[in-house]
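Worksheet: one structure, shown below.
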Amino acid sequence: QVQLVESGGGLVQAGGSLRLSCAASRSIFSFTAMGWYRQAPGKQRELVAEITRGGSPNYADSVKGRFTISRDNAKDTVYLEMNGLKPEDTAVYYCNAEDVVLRRSWGQGTQVTVSS
């Protein structure tokens, strides 16, 4: 089991930016993919962005062109750069790690609130 610790959430105005960080307790090469999910009140948790062990990113259509996922292997950290934030981006954002048999680990989450 890996520990994932998110940071960087907060309150921002529409159009603003935030950078989320996810620090893992062991090498991120242990996982086939690292990603960010979000969950708004009354809604299902959804994939926001994912980066594979090979470095290929995937994005939800709703954030494509605005968010960028990246990683720093030396720091065992995954980042989510969020630009052009919209009120509908308001949610708790969770870091996720997926292993070779598709088991998932989750962080506690960090709140992102975008005011209009």
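The first residue of the sequence shown is numbered 1, and numbering continues consecutively from there.
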For Arg104, is there an ion pair with Asp99 - N to carboxylate O distance below 4.0 angstrom?
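No.
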In plain terms, say whether Lys64 and Asp61 are close enough for a salt bridge, that is, a side-chain N and a carboxylate O under 4.0 Å apart.
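A salt bridge links Lys64 with Asp61.
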Smallest separation among heavy atoms of [X] and [Y], with atom names:
X     : Y     : result
Ala24 : Leu4  : CB-CD2, 3.8 Å
Ala97 : Val2  : CB-CG1, 4.4 Å
Arg38 : Ala91 : CB-CB, 3.8 Å

Would you call [X] and [Y] a side-chain contact if the rule is heavy atoms closer than 4.5 Å?
X     : Y     : result
Asn73 : Ile28 : yes
Thr32 : Thr52 : no
Val92 : Arg45 : no

[X] side, atom [atom1]; [Y] side, atom [atom2] - distance, nearest 0.5 Å:
X      : Y     : atom1 : atom2 : result
Gln108 : Cys95 : CD    : SG    : 12.0 Å
Asp76  : Phe31 : CG    : CZ    : 9.5 Å
Arg19  : Glu81 : CZ    : CD    : 5.5 Å
Tyr93  : Phe67 : OH    : CZ    : 4.5 Å
Asn96  : Glu6  : CG    : CD    : 10.0 Å
Asn58  : Glu50 : CG    : CD    : 5.5 Å

Any side-chain to backbone donor/acceptor pair from Tyr37 onto Trp106? Under 3.5 Å, distance only.
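No.
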Main chain of Asn83, side chain of Ser17: is a donor-acceptor contact present, judged purely on distance under 3.5 Å?
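The answer is no, because no donor-acceptor pair under 3.5 Å joins these two groups.
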Please check if [X] and [Y] belong to a single hydrophobic cluster, counting links between Ile, Leu, Val, Met, Phe, Trp and Tyr side chain heavy atoms closer than 4.5 Å.
X     : Y      : value
Val63 : Trp36  : yes
Leu18 : Tyr59  : yes
Ile69 : Tyr79  : no
Leu20 : Val114 : yes

Would Arg53 and Phe29 count as a side chain to side chain contact (heavy atoms under 4.5 Å, CB included) here? Give the steps.
CA-CA 6 Å; Arg53 188 159 55 191; Phe29 284 114; 3.9 Å; yes
Take a 6.0 Å sphere around CD of Gln111 and say whether it holds more than 12 heavy atoms from other residues, nucleotides or ligands.
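Count over threshold, so yes.
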Side-chain donor-acceptor contact under 3.5 Å, Asp72 with Thr77
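Side chains of Asp72 and Thr77: no pair found under 3.5 Å.
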For the pair Val12 and Thr113, evaluate side chain to side chain contact (heavy atoms under 4.5 Å, CB included) and give the outcome as yes or no after the intermediate values.
CA-CA 6 Å; Val12 66; Thr113 302; over 6 Å; no
Given the rule in the side chain to side chain contact (heavy atoms under 4.5 Å, CB included) test, do Arg71 and Met34 qualify, once you have shown the distances and angles that lead to the verdict?
CA-CA 9 Å; Arg71 68 188 187 195; Met34 301 288 295; over 6 Å; no
